[in-house]
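Working notes, beginning with the structure itself.
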Amino acid sequence: MKNNGRHPSSLRRRQLLLTGLAAALAGLPPVFAHAEQTASRLLPRKTARSVAKPAGGKKIIMLDPGHGGIDSGAIGHGGAEEKHIVLEIANHLRAKLNGLAGYDVRLTRESDHFIPLAQRVEIAHQHGADLFMSIHADGFTDSAAHGASVFALSNRGASSAMARYLSQKENAVDRLGGIKTPTTDDYLKTALFDLVQTDTINNSLILGKHILNHIRPVHTLHSQHTEQAAFAVLKSPSIPSVLVETSFITNPAEERLLGSNAFRDKIASAIAASIVSFYDAQPATRHR
């Protein structure tokens, strides 16, 4: 199969960058250390346990159902809450991928509780995730807004007004748990960090293209290409990360769709297929 321009040499370059970053940052505090003390009182104790690695070289897929607990997320006109819908979609997606060889799917939350944004990324790192996907069904001021979207991180500003609006809205949820977001990260002091994260963003954009290609036949797209903005939950320096807006819960027709088990299953099937195609397009990283 084609590899979307991903030559084995680029994969070796990425491994070297990651190795160099680990060495360069030895002794620095964790990238999200600022949230750890506050997060510890908000998270269930089980998130602190040691994490088992899968056998057989499986890809670890970390699914992040957005919002939870005191943070309901967007609320539809009919009263549907985003936090419940996205957890259901994540469970559908986990079941589909775990039914395939080569995947081990884990969730940042499996119940209705609040997790700070930085801690969601930290959980992915604790599990040694190969891919991070935050799942949402967000809202907008105009109830006519509709369709699915995919977002990757941007360090250069938002790619559209909608991307800027949604990133600011999502990044503000930590205030509900009393989390203060810093203006700088210790990792940003290194040029090597920037190289690694640029490579990670490029991989995220490729993943986003696969997701859009698989959602397009089964659901309307709000944007035909992967948007970018400074979503805090996508700021892993080394894990390809995307945020998927499955629909707008503030659109009455899409709120009804999101409440349908058939639609949740359909959108989960499309996303599962996109993850498989993303890895199948990279021969050097296929499952053994």
Side-chain angles (χ1 to χ4, degrees), residues 3-36 39 47 50-54 57-64 102-108 115-134 150-156 167 182 184-211 226 228-244 275 278-279 281-282 284-287:
N3 64 1
N4 283 352
R6 299 285 294 173
H7 190 273
S9 62
S10 68
L11 297 171
R12 288 195 295 271
R13 172 180 170 275
R14 178 169 174 76
Q15 288 302 114
L16 288 171
L17 285 172
L18 289 172
T19 301
L21 179 64
L25 299 179
L28 284 179
V31 64
F32 296 115
H34 61 271
E36 288 182 351
T47 60
S50 58
V51 179
K53 301 291 288 183
K58 291 184 176 182
K59 294 293 183 185
I60 301 176
I61 309 299
M62 181 60 65
L63 302 179
D64 174 47
Y103 296 95
D104 184 333
V105 182
R106 304 172 185 186
L107 272 60
T108 55
I115 306 178
L117 297 175
Q119 190 69 16
R120 294 173 186 264
V121 187
E122 221 23 66
I123 291 170
H125 281 275
Q126 290 167 7
H127 283 256
D130 296 289
L131 183 152
F132 177 92
M133 180 181 292
S134 193
V150 180
F151 298 86
L153 181 66
S154 171
N155 289 327
R156 300 179 180 178
S167 65
T184 60
D185 290 321
D186 288 318
Y187 280 173
L188 295 179
K189 296 176 182 177
T190 71
L192 189 56
F193 171 87
D194 186 59
L195 288 173
V196 172
Q197 190 167 67
T198 297
D199 193 63
T200 299
I201 291 173
N202 288 338
N203 276 281
S204 302
L205 290 170
I206 293 171
L207 172 60
K209 185 175 181 180
H210 282 270
I211 297 169
T226 305
Q228 290 183 264
F231 287 92
V233 78
L234 300 181
K235 289 187 176 181
S236 167
S238 57
I239 304 172
S241 304
V242 292
L243 185 149
V244 180
I275 292 173
F278 171 71
Y279 282 115
Q282 302 177 51
T285 61
R286 285 181 187 166
H287 318 309

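Worth knowing before you read on, the calculation uses all heavy atoms, side chains too, and leaves out hydrogens, waters and symmetry mates.
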To the nearest 0.5 angstrom, please state how far the CD atom of Q197 sits from the OG atom of S238. 9.5 Å
What distance do I61 atom CD1 and D130 atom CG have between them, rounded to the nearest 0.5 Å? 6.5 Å
Looking only at heavy atoms, what is the nearest atom pair of [X] and [Y], with distance?
{"X": "T108", "Y": "I123", "value": "O-CD1, 3.9 Å"}
{"X": "G208", "Y": "V242", "value": "N-CG1, 4.3 Å"}
{"X": "D64", "Y": "S134", "value": "OD2-OG, 2.7 Å"}
{"X": "M133", "Y": "I211", "value": "CE-CD1, 3.7 Å"}
{"X": "L234", "Y": "A152", "value": "CD1-C, 3.7 Å"}

For K209 and L205, run side chain to side chain contact (heavy atoms under 4.5 Å, CB included): C-alpha distance rounded to whole Å, both residues' side-chain angles, the deciding distance at 0.1 Å, then the answer. CA-CA 6 Å; K209 185 175 181 180; L205 290 170; over 6 Å; no
T200 (side chain) donor-acceptor with P237 (main chain) under 3.5 angstrom: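 Confirmed, T200 side chain pairs with P237 backbone.
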Ignoring hydrogens and angles, tell me if any N or O in the side chain of D104 forms a donor-acceptor pair with the backbone of I60 under 3.5 Å. no
Mind telling me whether F278 and H210 have parallel, tilted or perpendicular rings, with 30° and 60° as the class edges?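 H210 and F278: perpendicular rings.
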M62 vs H125, side chain to side chain contact (heavy atoms under 4.5 Å, CB included): CA-CA, chis, key distance, verdict: CA-CA 9 Å; M62 181 60 65; H125 281 275; over 6 Å; no
Which of these, V121, L117, L153, sits in a side chain to side chain contact (heavy atoms under 4.5 Å, CB included) with K235? L153
Which residues pass the ring pair (Phe, Tyr, Trp, His ring centres under 6.0 Å) test with F231, not counting sequence neighbours?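 Ring pair (Phe, Tyr, Trp, His ring centres under 6.0 Å) check on F231 returns F151.
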side-chain contact (heavy atoms from CB on, under 4.5 Å) filter on S154, not counting sequence neighbours, yields R156, Q228
Partner residues of S241 under the side chain to side chain donor-acceptor pair (under 3.5 Å) criterion, sequence neighbours left out: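 In terms of side chain to side chain donor-acceptor pair (under 3.5 Å), with neighbours along the sequence ignored, S241 is linked to no residue.
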